[in-house]
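Here is how names work: the chains are called A, B, and so on, in the same order as the sequence lines, proteins then strands, and each is numbered from 1. Computed from a predicted model, the values in this text were never measured in an experiment.
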Amino acid sequence: MKVVETIGLSKTYVQDFLGVEYGRIKVRFRNRKVEALKDLTLSVEEGEIFGLLGPNGAGKTTAIKILMEIHYATRGKAYLMGRPLGDLRVKRRIGFLPENPYFYDYLKGWEFLDFYGQLYGMPRGARRARIEELLHLVGLSHAANLPLKGYSKGMNQRIGLAQCLLNDPQLVILDEPQSGLDPLGRKEVRDIILRLREEGRTVLFSSHILSDAEMICDRVAILYKGELVDVGSMNELLSAKTEQYELVVSGLAEAEIEKLGSGARRVLVSEGQALLIYGDEGSVQEAVRRTIQAGGKIESMTPRKESLEDYFIRQVGGGARPRSKGGAA
Amino acid sequence: MSGQTIDSASVSGSGGRRIVGLAVLLIVVFLLFRTVLTGDFKQLFGSAQTGLSRQTIRFNTGADLLSLLLLAATAAGLVFTRIGSIALNTFREAVRNRVLYFILFFAIILMGASVVTRQLVYREEERFIVHLGLSCISFFGLMVAVFVGISLVYNELERKTIYTIVSKPIHRYQFLLGKYFGLLLTVYVIVAVMTFFFFFVMNYQSRITEEKIDELIYKVEADGLYTLQENAGWIRTSYLLKSAGASALRAAQSLAGFAHGPVTQNIMIVVVMYCLELMIVTALAILYSSFSTPTLSAVFTVLTFLAGRLNEDMMRLAENLMKKSMELQSATSFADLTLSAQIKIRLAEFVSLVVPNLDSLNVTSKALYQDTMQVWRYPVLYSICYTGCVLLISILIFRKRNFK
């Protein structure tokens, strides 16, 4: 089942004459329209972790805002759980955590969760039990009676996660859940996301931290300047074959290194060590053999596969055209 | 899956709750209209008695029962509906905001200061105190509605707390109405506290006079001379404390509508009229802040309030324009007037229609200079209708808005 489906979703921000609705992106005086999202068509299947990736200003948050009805789409349609947006029955089964969440800081932790539980229409008893369970899950049991004012950024993110799980949602939408967190916090969020999938929930999240996404996503969509560049599973997007080999050697004369470097893509020399990068397996094996012959020492030899980051730089940084415009490609 | 069971339970639970909420709303509306339509509005606040000093507690079974029902219905509405949840949370936010206490602090200082300032007034002290107190209630009530009210809605957008609210299964209109009722609750609580303190000051001052205290602390000797009693200080202090306690009790009674003198009766009516006025002003604050920035909203709201207070003048202008142009152009009917005169008159009429008629709700001078007062149904109906229209427009604007 398609849990999330968007068809040709577009959003154009127009500066309001009363000065209320500025687009997210800085607009020049003469250019008052900003196309934040162009013809986004994708779908998220049940039970998968779907990553919405892209640099800042790519339209990730805009897409999520439209799905959550914080903004309305200029064109296009979107469906959640097979129903058009705005269906309250669907909203009962969704959890949402916005980017850099900020909550009512005059409320205590449990008061806040209790208030949101009321909005879900949960009965009193169920609310209490669920809040206790969730505070335990996100590790905030000790802070339940502290006002949110005193929460650190990480605690804020965690109480945000708790509020989006209150209703035991089938679909969880997280906007930049790991931004602003330290490595430990990022790992915790990652673990929670993985756990959500184990519990059979669908997770849609956006991120610009690619390494985090790489580790947990089943499928990703890559956005750039409001357009969908590519979508697919990790294996489909990244070439499985080894991209390059990095060889670090030491104890060689400069002339020897120069000779080795003739077949390499790049050579970096520093403090008696040399980093040589080769494009194919044959030449790296040849280099290793010659180093040993010349009495040099092999410090390390690493085959490097393409990471999402490399892919990203190749696609986006290299000025690639988005797929939709590339015709049949 | 456990998710399924909780989900379905909450669905059926909220269905039942919706019916309860709707029923409560209907009852409230019915009662409001009944009260307004079945006669004297005064009845809600007990029956008038004579003499400020005489303590009479009178129950008016019909009115009291009705007020209790209204109170219960409001409470149920707050507890059982989602609008109520948001309203209570809004109230909580306002109550935990320091600005509110500053406003309240100044109001109480100003009213309390009348103990001193009354001595500057030559004659008609009571009227002076009443005027000062009422102005305080009106002004600071407006301050709360404008400054606390506007920041409450704006904060929600600015700090993006609205994001998570919108993702919950509630309609946007429920959010806006929740904000409105929460704000109104805050304003009314503040008005009630100020009124209580006002009654307290009035009562206290009527009890504490130089003569009374002298009577207590001096003893008349056999030779007709007065001598100070030994424990005069203690007698004085205990009398002051006793009076304060009695005044507080009496103030609470007056506020609840059980014991009225002619003055408190009139003041209570004025305060109720202020409440109606604030109902409109709060709705306007919500309307403006639903599409504009806080500074602009505050300016708009205060300006509309001032325009509203001058509304009768606008009406008079329309009338005078009509009369004058008729005379000048020696016309017999409106249709005979020149087009420009017609446009002017219609414009003045239009403005006085659109701008809230707060003038008709302002009965302060009548309360001060007349012994008995009449309360009409018209202001109540007018306020409810006007507020309804303003809220409807706010909802229409808010419904399709992109949040920043």
* Decide if atom CD of A:Glu132 counts as having more than 12 heavy atoms of other residues, nucleotides or ligands within a radius under 6.0 Å. => no

* Asked: To the nearest 0.5 Å, how far apart are CG in A:Leu88 and CZ in B:Arg82?
  -> 8.0 Å

* N/O donor-acceptor pair under 3.5 Å between B:Arg96 side chain and A:Tyr106 backbone -> yes

* **Side chain / backbone / both / neither for A:Leu97 at chain B, heavy atoms under 4.5 Å** => neither

* Atom CZ of A:Arg128: over 12 foreign heavy atoms under 6.0 Å -> no

* **Contact residues of residues 302-311 of chain B (partner chain A; heavy-atom separation under 4.5 angstrom)** => none

* For A:Tyr72, does the OH atom sit with more than 12 other heavy atoms under 6.0 Å from it, leaving out its own atoms? -> yes

* Structure fact -> Bottom line for A:Lys149: the part with an atom under 4.5 Å from chain B's heavy atoms is neither

* Asked: Listed by residue number, which members of residues 163-170 of chain B have a heavy atom under 4.5 Å from any heavy atom of chain A?
  -> B:Tyr163, B:Thr164, B:Ile165, B:Val166, B:Ser167, B:Lys168, B:Pro169, B:Ile170

* **A:Asp105 portion near chain B, given a 4.5 angstrom heavy-atom threshold** => side chain

* Can you pull out the residues in residues 147-155 of chain B with any heavy atom less than 4.5 Å from chain A? -> none

* chain B interface, residue from A:Glu99, A:Glu111, A:Glu69 that has the most non-hydrogen pairs under 4.5 Å -> A:Glu111

* What part of B:Ile86 is in contact with chain A, defined as an atom under 4.5 angstrom from a non-hydrogen atom: side chain, backbone, both or neither? -> both

* Asked: Can you tell me how far the NZ atom of A:Lys65 sits from the NZ atom of B:Lys160, to the nearest 0.5 Å?
  -> 5.5 Å

* Structure fact -> Turns out that what part of A:Phe115 lies under 4.5 Å from chain B's heavy atoms comes down to side chain

* What residue pairs, at least two apart or across chains, pass salt bridge (Lys or Arg N to Asp or Glu O under 4.0 Å) with a residue in residues 172-191 of chain B? -> B:Glu93-B:Lys179, B:Glu156-B:Lys179

